[in-house]
Amino acid sequence: MRTLRFLLQKEFRQIFRDPSIIRIIFMMPSIQLLILPWAADYEVKNIQLSVVDHDHSQYSRQLVNKVTSSGYFQLQDYSGSYSNALQQVEHDKADLVLEIPADFEKNLIRDNESTLFMAINAINGVKANLGGAYLRSIVQDYNREVRAKWVQLPRFSPEVQLEVTSSNWFNAAMNYKLFMVPGILVVLVTMVGSFLASLNIVREKEIGTIEQINVTPVKKYHFILGKLIPFWILGLLILSIGLTIAWLAYGIIPVGSLLVIYTFAAVYLLAVLGLGLLLSTYTSNQQQAMLLSFFLMMVFILLSGLYTSIDSMPVWARAITKVNPVTYFIDVMRMVVLKGSGLKDIGPHLLTMLGFALVLNSWAVLHYKKRS
Amino acid sequence: MASVTVNNITKHYGKKKELTQALRGVSFTVEQGELFGIIGPDGAGKTSLFRILTTLLLPDAGAASVDGLDVVKDFKAIRQRVGYMPGRFSLYQDLTIEENLEFFATIFNTSVSENYDLIKDIYSQIEPFKKRRAGKLSGGMKQKLALCCALIHKPSVLFLDEPTTGVDAVSRKEFWEMLRNLKKQGISILVSTPYMDEASMCDRVALIQNGSILSVDSPEGVIASFKQPLVAVKDRNMLPLLNHLQAFEGTQDVYPFGEYHHVVLKDGYSAAEVSTYLQHQHAQAEVQPVRADIEDCFIALMKSA
């Protein structure tokens, strides 16, 4: 016990003597949580619209007015030729072209029907997709308004109309920050837990201090615990800082209990620390560890459901998300923060994470050797 | 009882194509309380040998024991009773002198005060700076601290891997004096060094080259084994002199040695014949017979190997 206490004391001394680590520990969560949620916005705004109006009628002007006043579109230019508008797209000034044919108004009134043409710049897939959808729904809306004006007080509806009204549960205002912030927090905890820990151990290898330790009678589990415990505490500290920032900056207060979050985080950190330990046994210098961490972090983030929905991934990718510990914590965080899930609800997640912790740590301990 | 016995140890690194044979059947013994030097050029296998003896590396074949304990089977017990100072400074640079010492004392389950007598002479020299971080110390001070940390658990065998490499001449001398003092406390000490002149400080030395031991003897014994006549030659123009000496029929070997050239002569030749040979080109050459010192012996051993 005395040995472990001294190992811990030494570890904490080293951590708190390294000013860059302190800076990373406090600055990283603050900056990431204050900046990233604003940038990681799913809503598409400021879509540059180029309108080609061949009609120049009252109806066409009304339509353009309605589109631009929606707040999503900015009228980039209003011209009379399609080739002109396409040029705008080619110069990357316009994202969307809306072409209103000649006789738009005439056909609409006479035939009760008219066509519009929409061309979308699909270089940015998300913007193109959403922009197109927004414009379509605005046009539909316009269509309904026009009809409502003509059909005055109908005694019966000429056609069956289905209208869908939706209500968003757990996030009534569809505030994306509510689910992004907990997700980013998970990434932060993961980085501290696994990568800072693995870098720390690899550093001892690189400087050669591990050799001096290896000739001592220090037990393997003492040494490993001496490395895991400080980063386990740091991970929980980062989580606390992050939750405080989420509350102060975004007013996010978990609906569920903090105890549930911390219980899961404690187990989760065991798992990612095991991963960090494993990384350090397979690498021999900080550069290798860093590159490997970087690669894993990319995979972890993109295959965790943080930015994109797991359900829309191909089957094989969904299989990968199953062995990604980050997936589970993000899921749990969102469940607890937004929905208020309790310990019973996250039980399966917790068990899986325990499994992760067990496998990763035993693998790492078996692979860590005091002699070669 | 022998403190360290090494019996036919071999070790190689790498796979088939890039195979490096680090140790090829090394054997020797170190007696209790002996100051034993292992001398050899870089890459001779000194560090591999030390790492095997300190249980950091497994030998391919052969057996070795430290304090009567097998390095493969009883590695845990060995770790309790050896002190190891690696060639590279490997203490925590961000901990202070005091903290490093305390840390190593604790992980050996002892305390600084318990074995303070052993390190007192050395530690007192760095004690005024005990609040300073190890990374901020000079080379000589780092070395003293490393020695203190290796000694703090009162080891029965001390392994020092090239402790004097990169240390100035004065500190080197001081360091050897410290080792002689430690020897008086009954600790067996194994020191490796690439510097041949340090051999005379040891009780016995082993010369190692290319993973094989060439000789194990006391410094006096090594010198006594040098049987050939040896002369030192000096002139104003040393380079042509070297070439001319090489051409001399009685020369077995010639090499620069400080401000002289040392010429190892074949049996039956003497300084007088060298002087006669040099009369024409080097009229002012100074030729004198000298006693071989340990460096001459090692050069001869290495060349004959």
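Labels below follow one simple rule: chain letters A, B, ... track the order of the sequence lines, proteins then strands, and each chain is numbered from 1. Side chains are part of it too, since the values below use all heavy atoms of this structure and drop only hydrogens, waters and symmetry mates.
When the heavy atoms of residues 262-280 of chain A are compared with those of chain B, none of the residues falls under 4.5 Å. Chain B is approached within less than 4.5 Å, heavy atom to heavy atom, by Arg203(A), Glu204(A) from residues 193-204 of chain A, ordered by number.
The number of heavy-atom neighbours closer than 6.0 Å to NZ of Lys322(A), taken from other residues, nucleotides and ligands shown, is 12 or below. Counted within 6.0 Å of CE on Met290(A), heavy atoms from surrounding residues, nucleotides or ligands total 12 or fewer; the atom is thus considered open. Atom NZ of Lys154(B) sits in a sparse spot, with 12 or fewer heavy atoms from other residues, nucleotides or ligands closer than 6.0 Å. Residue Phe294(A) qualifies as open at atom CZ: its count of foreign heavy atoms under 6.0 Å is 12 or below. Other residues, nucleotides and ligands contribute over 12 non-hydrogen atoms within 6.0 Å of the CH2 atom of Trp176(B). The 12-atom threshold is not exceeded at CD of Gln287(A), counting heavy atoms of other residues, nucleotides or ligands nearer than 6.0 Å.
Judged by distance alone, the side chain of Arg79(B) and the main-chain N or O of Asn214(A) form a donor-acceptor pair under 3.5 Å.
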Exercise. Go through Leu56(B) and Val215(A) one step at a time and tell me if the side chain to side chain contact (heavy atoms under 4.5 Å, CB included) criterion holds.
Key: CA-CA 7 Å; Leu56(B) 287 172; Val215(A) 288; 3.6 Å; yes
Exercise. Kindly indicate, with the supporting measurements, whether the criterion side chain to side chain contact (heavy atoms under 4.5 Å, CB included) is fulfilled by Asp94(B) and Phe16(A).
Key: CA-CA 10 Å; Asp94(B) 38 10; Phe16(A) 287 107; over 6 Å; no
Practice problem: Please report the C-alpha distance between Ile107(B) and Gln212(A) in whole Å, then the side-chain angles of each, then the deciding distance to 0.1 Å, and finally whether the side chain to side chain contact (heavy atoms under 4.5 Å, CB included) criterion is met. | Solution: CA-CA 11 Å; Ile107(B) 57 178; Gln212(A) 193 87 63; over 6 Å; no
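Among Leu7(A), Thr209(A), Ile213(A), the residue with the largest count of heavy-atom pairs under 4.5 Å with chain B is Thr209(A). When Thr216(A), Ile210(A), Val218(A) are compared by the number of non-hydrogen pairs under 4.5 Å with chain B, Thr216(A) comes out ahead. Of the listed residues (Phe103(B), Tyr92(B), Phe108(B)), the one with the most heavy-atom contacts under 4.5 Å to chain A is Tyr92(B).
Interatomic distance, Gln14(A) CD to Leu95(B) CG, rounded to the nearest 0.5 Å: 5.0 Å.
Between Glu211(A) and Arg51(B) a salt bridge is recorded (basic side-chain N to carboxylate O distance below 4.0 Å). Ion pair Glu99(B)/Lys10(A) not flagged as a salt bridge, since none of the NZ, NE, NH1 or NH2 atoms sits closer than 4.0 Å to an Asp/Glu carboxylate oxygen.
If you measure heavy-atom distances from Leu4(A) to chain B, you find no contacts under 4.5 Å at all. Looking at Phe104(B), the atoms closer than 4.5 Å to chain A (heavy atoms on both sides) all sit in the side chain, from C-beta outward.
Across Ser90(B) and Gly208(A), no two heavy atoms sit closer than the pair CB-O, 3.1 Å.
Taking the side chain as every heavy atom from C-beta outward, Lys76(B) and Pro217(A) never approach each other to under 4.5 Å.
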